[in-house]
Amino acid sequence: MYAGLRAPAAAHQQQVHLMELKTISIKPLTAAMGAEISGADLSAPLSPEMLGEIKAVLHEYLAIFFRDQHLTPEQHLALARQFGSLEVHPIVEGKGGYPEIVEIVKEAGEETQFGDAWHSDNSFMDCPSMGSILYAREIPPIGGDTIFANQYMAYDLLSDGMKKILDGMVCIHTAKQAYDPIRLAHKYRGETNMKYKYSEAVDKEVEHPVVRTHPETGRKSLFVNKMFTTRFKGMKPEESMPILEYLSQHAIRPEFQCRFQWTPNAVAFWDNRCTMHYAMNDYYAHRRVMHRVTVEGDRPY
Ligand code: SIN
């Protein structure tokens, strides 16, 4: 069953040894994806050489991590702007005074956690987020990790028969369930730390290819997620469900994953075009506060 895993994983590992970095050092997290970067101070503007190397490592490892960064909200925004234009979330209210910063807060004793289902950020938008830069402001003593899954591998390891079926197919994405104005009415009423605003983005349905091509690497990745993908275009939800269920399970195989254990002031930067992630909700008695900035993406093709 796992025979197909050898080829792409080996190819990935080989490229790792070929990369020569001058301004930063990296430590890969798993064979699948993820690298911790040292030698960069993200609070200051990055030199063109370092920026180029960070982008190259992101393209190779898909999610990159930095420890012990000291960022004001302005520095967080300035960091993200070096990678593209920034988004204002169409549903979640930005942090006071900083519309582009989503403050992800879970209070001690709160049961729900933002992002605790596998997803690619904002895939319900016409042009889903390219990248997300998440900064740990307050973390629990244990738990609250973020898990990522490599969606190039998820595509590569489908059978040729399944690839043939999926190539050219389109899925419908919507924010409707994740931001349900009835179930989450208290957030729309402004009764919680994270406040939502109702807009047409909540109910809108958008179409995206099931298999997308990364505009920078040219590689194909699987682009469906349980949080926002509802059905295949031209099919009923009940007809779509078995295939979507299969793909959702396949896409998060442990062999495709890495897991980041947060430390105070750590930064994670992931590429939403070729990964999914999941925020662990396993620290009930503690508070966790993260700041997320998302960089605009293109229309998937
Ligand atoms: C997210 O889904 O963007 C948040 C991830 C996290 O809080 O770990």
Side-chain angles (χ1 to χ4, degrees), residues 29 33-34 36 58 62-67 69 71 76-77 79-80 83 86-95 98 100-108 110-125 128-149 151 173 175 177-179 184 187 192-196 201 223-229 248 251-252 257-284 286-297:
L29 259 69
M33 66 172 291
E36 229 176 283
L58 180 67
L62 323 185
I64 51 180
F65 307 99
F66 305 81
R67 302 275 179 196
Q69 300 292 325
L71 302 179
H76 188 178
L77 293 169
L79 165 68
F83 296 90
L86 307 188
E87 294 171 345
V88 173
H89 199 286
I91 304 169
V92 183
E93 295 273 11
K95 181 180 160 52
Y98 302 100
E100 299 101 336
I101 296 181
V102 168
E103 187 167 59
I104 300 172
V105 186
K106 192 183 90 64
E107 297 295 348
E110 214 179 307
E111 281 177 10
T112 54
Q113 148 88 32
F114 185 83
D116 66 348
W118 284 99
H119 65 286
S120 172
D121 285 329
N122 301 336
S123 78
F124 57 84
M125 303 199 315
S129 314
M130 176 279 267
S132 305
I133 303 184
L134 189 65
Y135 181 47
R137 293 231 160 249
E138 195 175 327
I139 55 162
I142 186 99
D145 300 350
T146 309
I147 312 178
F148 299 85
Q151 297 306 290
H173 294 238
Q177 285 147 25
Y179 294 98
L184 301 169
K187 292 195 185 269
T192 48
N193 264 319
M194 291 190 74
K195 298 179 190 15
Y196 294 174
F223 195 61
V224 293
N225 69 83
K226 272 209 138 158
M227 198 180 263
F228 304 126
T229 313
S248 304
I252 56 166
Q257 294 182 13
C258 76
R259 179 173 181 142
F260 186 61
Q261 250 182 330
W262 291 94
T263 43
N265 305 312
V267 171
F269 182 2
W270 61 88
D271 187 336
N272 285 295
R273 299 168 293 189
C274 51
T275 63
M276 286 203 290
H277 58 282
Y278 181 106
M280 291 291 292
N281 184 1
D282 59 352
Y283 54 98
Y284 180 72
H286 301 282
R287 187 170 197 257
R288 180 178 184 264
V289 182
M290 314 291 279
H291 282 184
R292 191 183 83 179
V293 175
T294 47
V295 179
E296 274 178 11

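As the structure is a prediction and not an experimental result, all values here were calculated from the model. Read the numbers this way: they start at 1 and go in the same order the structure lists the ligands and their atoms. Throughout, numbering of the chain's residues begins at 1 and tracks the sequence.
The number of heavy-atom neighbours closer than 6.0 Å to CD of Q261, taken from other residues, nucleotides and ligands shown, is 12 or below.
In terms of the side-chain contact (heavy atoms from CB on, under 4.5 Å) criterion, residue partners of M130 (sequence neighbours excluded) are, by chain and number, F83, R273, V295. Partners of T275 according to the side-chain contact (heavy atoms from CB on, under 4.5 Å) rule, which considers only residues two or more places apart in sequence or in another chain, are M33, L62, W270.
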Practice item. Let me see the working for R67 and E36 under salt bridge (charged side-chain N to carboxylate O under 4.0 Å, His left out), right down to the final yes or no. Key: CA-CA 8 Å; R67 302 275 179 196; E36 229 176 283; 3.0 Å; yes
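With hydrogens and angles disregarded, no donor-acceptor distance shorter than 3.5 Å links the side chain of D121 to the backbone of G131. Formation of a donor-acceptor pair under 3.5 Å by the N122 side chain with backbone atoms of M125 is not found in this model.
Remark: minimum distance from atom 8 (O) of ligand 1 to any protein heavy atom is reached at T146 OG1, 2.6 Å. Here the heavy atom of the protein found nearest to atom 1 (C) of ligand 1 is H277 NE2, 3.4 Å. I104 CD1, 3.6 Å is the protein heavy atom nearest to atom 4 (C) of ligand 1.
The ring-ring contact (aromatic ring centres under 6.0 Å, His included) test with F148 singles out one residue from F65, F260, F269, and that residue is F65.
Contacts with ligand 1 closer than 4.0 Å are made by no heavy atom of Y278, backbone or side chain.
With distances taken over non-hydrogen atoms, the option nearest atom 5 (C) of ligand 1 out of D121, D116, L134, I139 is L134. Distances from atom 7 (O) of ligand 1 to the heavy atoms of H291, M290, R288 put R288 nearest.
Close approach of ligand 1 to R292 (heavy-atom distance below 4.0 Å) involves ligand atoms 1 (C), 3 (O). Counting the atoms of ligand 1 from 1 in the order shown, those under 4.0 Å from a heavy atom of G115 are 2 (O). Close contacts between ligand 1 and A279 involve ligand atoms 5 (C), 6 (C), 7 (O), 8 (O) [criterion: under 4.0 Å to a heavy atom].
The shortest N/O to N/O separation between W262 and ligand 1 does not fall below 3.5 Å. By the 3.5 Å distance cut-off applied to N or O atoms, W270 is not counted among the residues near ligand 1.
Ring geometry, F124 versus Y179: the interplanar angle exceeds 60°, so the pair is classed perpendicular (tilted spans 30 to 60°).
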